[in-house]
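Because the structure is a prediction, the values reported are computed rather than measured. Naming: A, B, ... by sequence-line order, numbering from 1 per chain.
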Amino acid sequence: MKADRPGTDQPGDLPRLLLNWYDRHRRVLPWRAAPGEKADPYRVWLSEIMLQQTTVATVGPYFQAFLARWPGIADLAAAELDDVLRAWAGLGYYARARNLHKCAVTVADRHGGHFPDSEEGLLSLPGIGTYTAAAILAIAFDKPATAMDGNVERVMARLHAVRDPLPGSKPVLKAHAAALVPETRPGDYTQALFDLGASICVPRKPRCILCPWADPCRARRQGIAEELPAKTAKAAKPVRRALAFVLTDGRGHVALRRRPEKGLLGGMMEVPTTPWETAPLPSLPAAAGHVPLPGIGWQALPGLVRHTFTHFEFEIGVVAGRTAGTEEKGPGLIWVAPDALADEALPTVMMKILRHALTRMA
DNA sequence: TATCCGTGGTT
DNA sequence: TAACCAAGGAT
């Protein structure tokens, strides 16, 4: 029975239905080309990197700021990495910023400033994986590629009533998605799928009444749309703890240091801390070996700073200290005026710690 | 294949 | 509030 599978008599119906809906309801987004205008691969790439695991609302201001400061790939390639990290501060997943810069240099130096328009070429660039390569091919070059993101997985799981849980069902969902990508307007079709997942086929309480695919959707027919996609349970997050040392000098400048290039918050600035351990918070005497400047009056501040990372919870006890000098040269320390902290490459957790301390030391 | 890698908003 | 979710990539 044809009611048993998505699509009606012509398989071409589904893309056409979605494109008709998109032409009437497409979202206006800062990185999206106006109807009829050609997309700029640089803007498509920049937006796709920023949008990885990050919401449209969060990306908006960052995208505008990057575009204003670095209008083209050559400008970004010529930038200092630290300037890119500073502009990226707060967006998270900082390896994206390092790879963004590396990718810009590669495209400028080895591709004449033009992004490759092949899957292999795009996949060879840092920070571009299977999803982003397909998204660039479709949106920037209007080629029929299958861009699988969370939206598309959810829409396909429902359209075909795939009950097997993610991530195991990814190959099946991708096959379903690939079978639908049209030869005409594949870029618009891809973005239409994103819009559908973002505004209609949302995770909870999907608005099926407004959906252009309501009729062929098997999950809706079975009344299980909201239950899909199924997902395997994920492990609980452990708690890690540390003491953070907020050190100010005679001018009120704050001591920071740079984190290692790889790993968590790689290349970003930080407040000196004890090692981040699952053990209980150490006492100040027990942490003596990690104090950036011994021999001054360190004082524990009341309260804790809490922050959630992808795979652990972080609890930070904050310790404050002052030194009278203005030229303290602690090992690897960088002194920054409070007014200039916002311009540093400080991840959000470090901004929380600094705010906690500076509002209680004043 | 599984783990690591941020953050802010929503329910 | 806790859990979930977001235009994923690298190793």
Just to be sure I follow the notation: if a pair is Watson-Crick (purine N1 to pyrimidine N3 plus N6-O4 or O6-N4) or a G-U wobble (N1-O2 and O6-N3), each under 3.5 Å, what dot-bracket string does DNA chain B give, with | for pairs to another strand? .||||.|||||
dG9(C) P sits how many Å from Leu51(A) CG, rounded? 12 Å
When we call it a touch if two heavy atoms are under 4.0 Å apart, what does Leu29(A) touch: a base, just sugar-phosphate, or nothing? base
Are more than 12 heavy atoms from other residues, nucleotides or ligands located less than 6.0 Å from atom NE2 of His290(A)? yes
For this output row, return yes or no: ring centroids of His311(A) and Phe309(A) closer than 6.0 angstrom. no
Nearest-Å distance, CZ (Arg27(A)) to P (dA6(C))? 12 Å
If the C1' atom of dT11(C) is compared with that of dT1(B), how far apart are they to the nearest Å? 12 Å
Report the distance from atom CG of Asp149(A) to atom P of dC5(C), rounded to the nearest whole Å. 14 Å
Quick one: are Leu125(A) and His111(A) in side-chain contact, heavy atoms under 4.5 Å? yes
Roughly, in whole Å, what's the span from NZ in Lys102(A) to C1' in dG9(C)? 12 Å
Gap in Å between the two P atoms, one belonging to dG9(C) and one to dG8(B), rounded: 22 Å
Classify Ile128(A) by what it touches in the nucleic acid, base, sugar-phosphate, or nothing, heavy-atom distance under 4.0 Å. sugar-phosphate
Between dG9(C) atom P and Trp45(A) atom CH2, what is the distance in whole Å? 14 Å
Side chains of Glu48(A) and Tyr131(A): donor-acceptor distance under 3.5 Å anywhere? yes
Arg32(A) side chain to Arg26(A) backbone, donor-acceptor under 3.5 Å: no
In plain terms, say whether Lys205(A) and Glu226(A) are close enough for a salt bridge, that is, a side-chain N and a carboxylate O under 4.0 Å apart. no
Select base, sugar-phosphate, or nothing to describe what Arg154(A) touches, counting heavy atoms under 4.0 Å on all strands. sugar-phosphate
I need the single residue from Phe66(A), Trp70(A), Tyr62(A) that forms a ring-ring contact (aromatic ring centres under 6.0 Å, His included) with Trp88(A). Which is it? Phe66(A)
Between Glu153(A) and Lys170(A), is there a side-chain N and carboxylate O pair less than 4.0 Å apart? yes
Mind telling me whether Phe245(A) and Trp298(A) have parallel, tilted or perpendicular rings, with 30° and 60° as the class edges? perpendicular
How does each nucleotide of nucleotides 2-11 of chain B score, in 5' to 3' order, for protein heavy atoms under 4.0 Å: base (B), sugar-phosphate only (S), or none (-)? --SBBBS--S
Kindly check if the number of other-residue, nucleotide or ligand heavy atoms within 6.0 Å of CZ (Arg98(A)) is above 12? yes
Go through residues 137-148 of chain A and report each residue with a non-hydrogen atom lying under 4.0 Å from DNA chain C, sorted by number. none
Would you measure the distance from the C1' atom in dG6(B) across to the matching atom in dA6(C) and give it in whole Å? 12 Å
Determine whether Tyr22(A) and Leu196(A) make a side-chain contact, defined as any pair of heavy atoms from C-beta on separated by less than 4.5 Å. no
In whole Å, I'd like the distance from the CG atom of Leu166(A) to the P atom of dC4(C). 14 Å
Within the 4.0 Å heavy-atom criterion, would you say Trp31(A) contacts the bases, only the backbone, or no part of the nucleic acid? base
Are more than 12 heavy atoms, taken from residues, nucleotides or ligands other than Arg27(A), located less than 6.0 Å from that residue's CZ atom? yes
Please report, rounded to the nearest Å, how far the P atom of dC5(C) is from the CG atom of Asn151(A). 12 Å
Between dC5(C) atom P and Glu226(A) atom CD, what is the distance in whole Å? 11 Å
Regarding Thr190(A), tell me which of base, sugar-phosphate or nothing describes its non-hydrogen contacts under 4.0 Å with the strands shown. nothing
